[in-house]
Amino acid sequence: AYKNRLLTLLGGELIDFDQLFEEYCTYASQLKPYVADVERDLNAAIRSGETVLFEGAQGALLDLDQGTYPYVTSSHPISAGACIGTGLSPNRVDNVLGVCVAYATRVGSGPFPSEVCGELAERIRKAGNEYGTTTGRPRRCGWIDLVALRQACRMNGFTSLAVTRLDVLSGFDEVGLCSSYDVGGARTDWMPSDSNELEKVKAVYETMPGWHGDISACRSIAELPETARSFIARIEEFAETPVSIVSIGANREQTIIARPELLWKGT
């Protein structure tokens, strides 16, 4: 009744309570078998020796507290969010795999120091099919931002990285890596905590020789072009995090497991 009074004042369509209740009772009956005490069941599984996998969504810098506020989401997509949302103790987490793209993209507004424009942006966008899944809106594209990546590695405690879409950069004579920011004439390799300040920084790039040809048939790091291997090595060095997976295409078999010992205990 209270909501309907508000809807009347706002000129909205009134809600039929009985109809709404009946509809959502149907949803509740479907969800009921999956509702449980998550903290209890997770800890019981771990104590019994089972492997538990958490999968995150969205980017680290969209975190409500640690991200580029106000361009953030309403939750905690960083690794600590797995504990916040489930009641699992942080010391129960063995491995934290971070996933990054070999270049950078951003959807919508917000600071993007390594963004490129014009033909270069369009080339990356077309090669990577960087368009919104639902809207078809072109994503903003740029070179990989090592400063932001290293911050994400630190705040999440990544034990290793998966670098995806390396194949998208094939064909460039040179590839760029943002390794520091120019902040009012001063050089820094740390991200400003204030997103208003981050909007003003200018990316400072390193360039490395690119690679050519189709690399999607490679099945080991050794099969990648030397320049592609050097690119991966530079990411590892700057981010202070080893790369355990390299993706060179959309298919499952186009995933190179570079260091399996970093992914699974006892292997």
Side-chain angles (χ1 to χ4, degrees), residues 42 45-46 49-63 66-67 76-86 88-105 114 128 143-169 175 177-179 189-191 206 208 211 215-216 218-267:
L42 277 177
I46 291 171
E50 294 183 50
T51 298
V52 177
L53 174 66
F54 295 94
E55 181 182 3
Q58 305 187 72
L61 294 180
L62 292 178
D63 184 83
Q66 304 301 326
H76 300 286
I78 59 175
S79 60
C83 300
I84 294 171
T86 64
L88 189 73
S89 172
N91 63 7
R92 292 289 193 178
V93 178
D94 297 307
N95 295 309
V96 184
L97 174 65
V99 181
C100 71
V101 184
Y103 50 95
T105 66
S114 66
W143 296 121
I144 189 169
D145 187 335
L146 295 178
V147 179
L149 176 59
R150 185 174 62 185
Q151 177 148 329
C153 290
R154 287 170 172 167
M155 75 169 71
N156 285 282
F158 292 148
T159 49
S160 67
L161 277 172
V163 178
T164 68
R165 319 205 84 177
L166 187 67
D167 54 303
V168 171
L169 296 184
V175 292
L177 306 91
C178 172
S179 56
D189 61 359
W190 285 85
M191 286 185 68
E206 298 178 9
M208 299 184 69
W211 54 93
I215 64 171
S216 62
C218 297
R219 293 295 176 266
S220 69
I221 292 293
E223 293 178 35
L224 291 172
E226 182 180 354
T227 48
R229 297 198 303 269
S230 296
F231 178 79
I232 295 296
R234 179 57 179 147
I235 292 174
E236 289 184 309
E237 178 186 36
F238 193 98
E240 301 168 349
T241 307
V243 172
S244 58
I245 295 175
V246 177
S247 166
I248 43 147
N251 297 324
R252 185 181 294 271
E253 64 271 15
Q254 293 171 322
T255 301
I256 298 172
I257 306 298
R259 299 184 184 180
E261 71 277 6
L262 299 177
L263 299 174
W264 302 286
K265 291 186 296 182
T267 61

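Remember, predicted model here, so these are calculated numbers, not experimental data.
Using modelled atom types, no side-chain atom of R259 and backbone atom of P242 make a donor-acceptor pair closer than 3.5 Å. With hydrogens and angles disregarded, no donor-acceptor distance shorter than 3.5 Å links the side chain of E206 to the backbone of L177. In this structure a side-chain-to-backbone donor-acceptor pair under 3.5 Å is missing from T164 to S247. Distance alone, capped at 3.5 Å, places no donor-acceptor pair between the S244 side chain and the A258 backbone. Here the side chain of Q254 pairs a donor or acceptor atom with the backbone of A250 at under 3.5 angstrom. For the pair D167 (side chain) and I215 (backbone), a donor-acceptor distance under 3.5 Å is absent.
Closest approach of I221 and I256 over heavy atoms only: N-CG2, 3.8 Å. The shortest heavy-atom contact between L161 and A239 is CD1-CB, 4.3 Å. The two atoms that bring F158 and T241 nearest to each other are O-CG2, 3.8 Å, heavy atoms only. The shortest heavy-atom contact between C100 and L149 is CB-CD1, 3.9 Å. Shortest non-hydrogen contact noted between I232 and V163 is CD1-CG1, 4.0 Å. Listed here is the closest heavy atom pair of I245 and T255: CG2-CG2, 3.6 Å.
Sparse packing is recorded around CD of E226, with 12 or fewer heavy atoms of other residues, nucleotides or ligands lying under 6.0 Å away.
Atom CZ of R219 and atom CG of L224 lie 10.5 Å apart (nearest 0.5 Å). Atoms CD and NE2, on Q58 and H76 in that order, are 12.0 Å from each other to the nearest 0.5 Å. In this structure, L88 CG and F54 CZ are separated by 4.5 Å, a value rounded to the nearest 0.5 Å. If you take CD1 on I78 and CD1 on I84, they are separated by 6.5 Å, rounding to the nearest 0.5 Å. Taken to the nearest 0.5 Å, the CD atom of Q151 stands 10.0 Å off from the CG atom of D145.
With a 4.5 Å cut-off on side-chain heavy atoms, W211 and L169 count as touching.
Considering only residues two or more places apart in sequence or on other chains, R154 meets the side chain to side chain contact (heavy atoms under 4.5 Å, CB included) condition with R150, W190, E240. Partners of T51 according to the side chain to side chain contact (heavy atoms under 4.5 Å, CB included) rule, which considers only residues two or more places apart in sequence or in another chain, do not exist here.
When each of N95, V93, L263, L262 is paired with T159, the side chain to side chain contact (heavy atoms under 4.5 Å, CB included) condition holds for N95 and for no other.
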